[in-house]
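Following: one structure in structure tokens, then a few remarks.
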Protein chains: 2
Amino acid sequence: MNVRPLTKTSNERSDATRRRLIDAGMELFGVNGFDATTTRALADAAGANLAAIPYHFGGKDGLYRAVAQAVIDGLNDQMGSFLDSVQREMDAGVGSPHQAMALIERLMADFAEVVLQRPEADNWVCFVMREQMQPTEAFSILYDSPIKRMRDLFSKLLSHVSGLEPDHVRIKLTGIELLGLVYVFRVARASTLREMGWQTINEAAYAEVRTVILESTRLILRGLQAKN
Amino acid sequence: MNVRPLTKTSNERSDATRRRLIDAGMELFGVNGFDATTTRALADAAGANLAAIPYHFGGKDGLYRAVAQAVIDGLNDQMGSFLDSVQREMDAGVGSPHQAMALIERLMADFAEVVLQRPEADNWVCFVMREQMQPTEAFSILYDSPIKRMRDLFSKLLSHVSGLEPDHVRIKLTGIELLGLVYVFRVARASTLREMGWQTINEAAYAEVRTVILESTRLILRGLQAKN
DNA sequence: GTCTATAGTCGGATAGAC
DNA sequence: GTCTATCCGACTATAGAC
């Protein structure tokens, strides 16, 4: 009775179907939103059967939650290493405001890369933004994300730069402001492309955007430091 | 044959119904998106009949387009006067970078007020953001908005500050960056509230946010000027 | 111009065969 | 575990009375 291989094969097929449905969900939910995305479209895009959605996820909502979790997992993959890296350097001790500023600039550059350049971003950014504007129960899953980790790092680093406490209102708001410097180019992408006369944010365009983001970051940081 | 009063009454009722449907559409489309908003919900919210939608607007899509136009009209009402005011001062001649910076700061403060404090903003901001992420044919209506006018004013003023041409890539991107300083608090509002431990952006909270926005604005402007 | 009733369409979930 | 066939509910738009 060789039941293992059968089970294993079964599980593998099952997992593959789950994964394909989640991939399809990330794209379709992100682009069109929950309601505009039909289970039929999801099943077609995943090459799966319609009934596989209620079967594997309990329904359309369940798939949606699974996608939210997958977004977090993906963000961890993409941001985990550089967040860890900065964390380690911080733990080793931040000697000077200058060093804190350098770490923030590194975080900003890496974050901009993930948000503006990685092709996967097209899917999850839309997904996250929808949740920001109209949070569903999946918002909690998304909130405890690497982005929160990043905000926390910002707070500590900005504290070193400014001399204020990490949980000072101004510090936290400035951290959000920094993220906004990156977000705006993704969220208002349609307007940005039109305004700049670009068809897409290609490499040259991204270089310009990145320069402006880092320049603005530096100016804000220097200003914070000067107030000491 | 006193036909005028009858016609007038008729038109008035008609216009009132149209207006109520547009108001309902601004709220419901903005919050829930096109697909999640049913004609029944629209009719109920407007206190109008279901059939009034196809009758007045040709269908759900027509109402959506009418809402987009109403968003622009509303923005013109709210931003027109301060945009005109700044425009007039610019036409009178911008003497110094310092004066240009003061005008930009005024624009930012007024814009922040409209985006973050006016209760009407809850409706149109979501509506506009949806169009940014997934533009429909209504995007063109929205693009030619007071916000474009504002970007253009920014370009000219930033040109005065920096000495660069108004259509220089860096200038235009910096203008977008400035808008992002305001947008982020509205778009990432859910995260902001959670991060700050606020229930709502009340007056005290807004004062803090406004301070940070204007502070960041000033720092970016000074940095631009310093490069001269 | 507005309302009621209804036609026609489509989406989500399930039952049951394989 | 997966697929087919089907049900039920909800939605948009229209026809026709008022």
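B:R186 and B:T192 share no side-chain donor-acceptor pair at under 3.5 Å. Neither side chain, A:T217 nor A:E105, offers a donor N or O lying under 3.5 Å from an acceptor on the other. Between the side chains of A:E195 and B:Y143, a donor-acceptor pair is found at a separation under 3.5 Å.
Between A:A48 and A:T17, the shortest heavy-atom contact is CB-CG2, 3.9 Å.
The aromatic rings of B:F111 and B:Y183 stand perpendicular to each other, their planes meeting at an angle above 60°, with 30° marking the opposite boundary. In this pair, A:F29 and A:Y64 present their aromatic rings perpendicular. The plane angle is above 60°, beyond the 30 to 60° band.
Whole-Å rounding puts the B:Y55 OH to C:dT2 P distance at 7 Å. If you measure from atom CG of B:L42 to atom C1' of D:dC11, you get 12 Å, rounded to the nearest angstrom. Atom CG of B:D44 and atom P of C:dT4 are 12 Å apart (whole Å). Residue A:H56 contributes atom NE2, which lies 7 Å from atom P of D:dG1 at whole-angstrom precision.
Salt-bridge check for B:R210 with B:E113: failed, with every basic side-chain N at 4.0 Å or more from each acidic carboxylate O. Salt bridge B:D15/B:R20: absent, no basic N to carboxylate O contact under 4.0 Å.
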Could you go over nucleotides 13-18 of chain C and give all protein N or O partners under 3.5 Å, atom names and distances?
| from | atom 1 | to | atom 2 | distance (Å) |
| --- | --- | --- | --- | --- |
| C:dA13 | OP2 | A:K60 | N | 3.4 |

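Within residues 17-36 of chain A, no residue has any heavy atom under 4.0 Å from DNA chain C.
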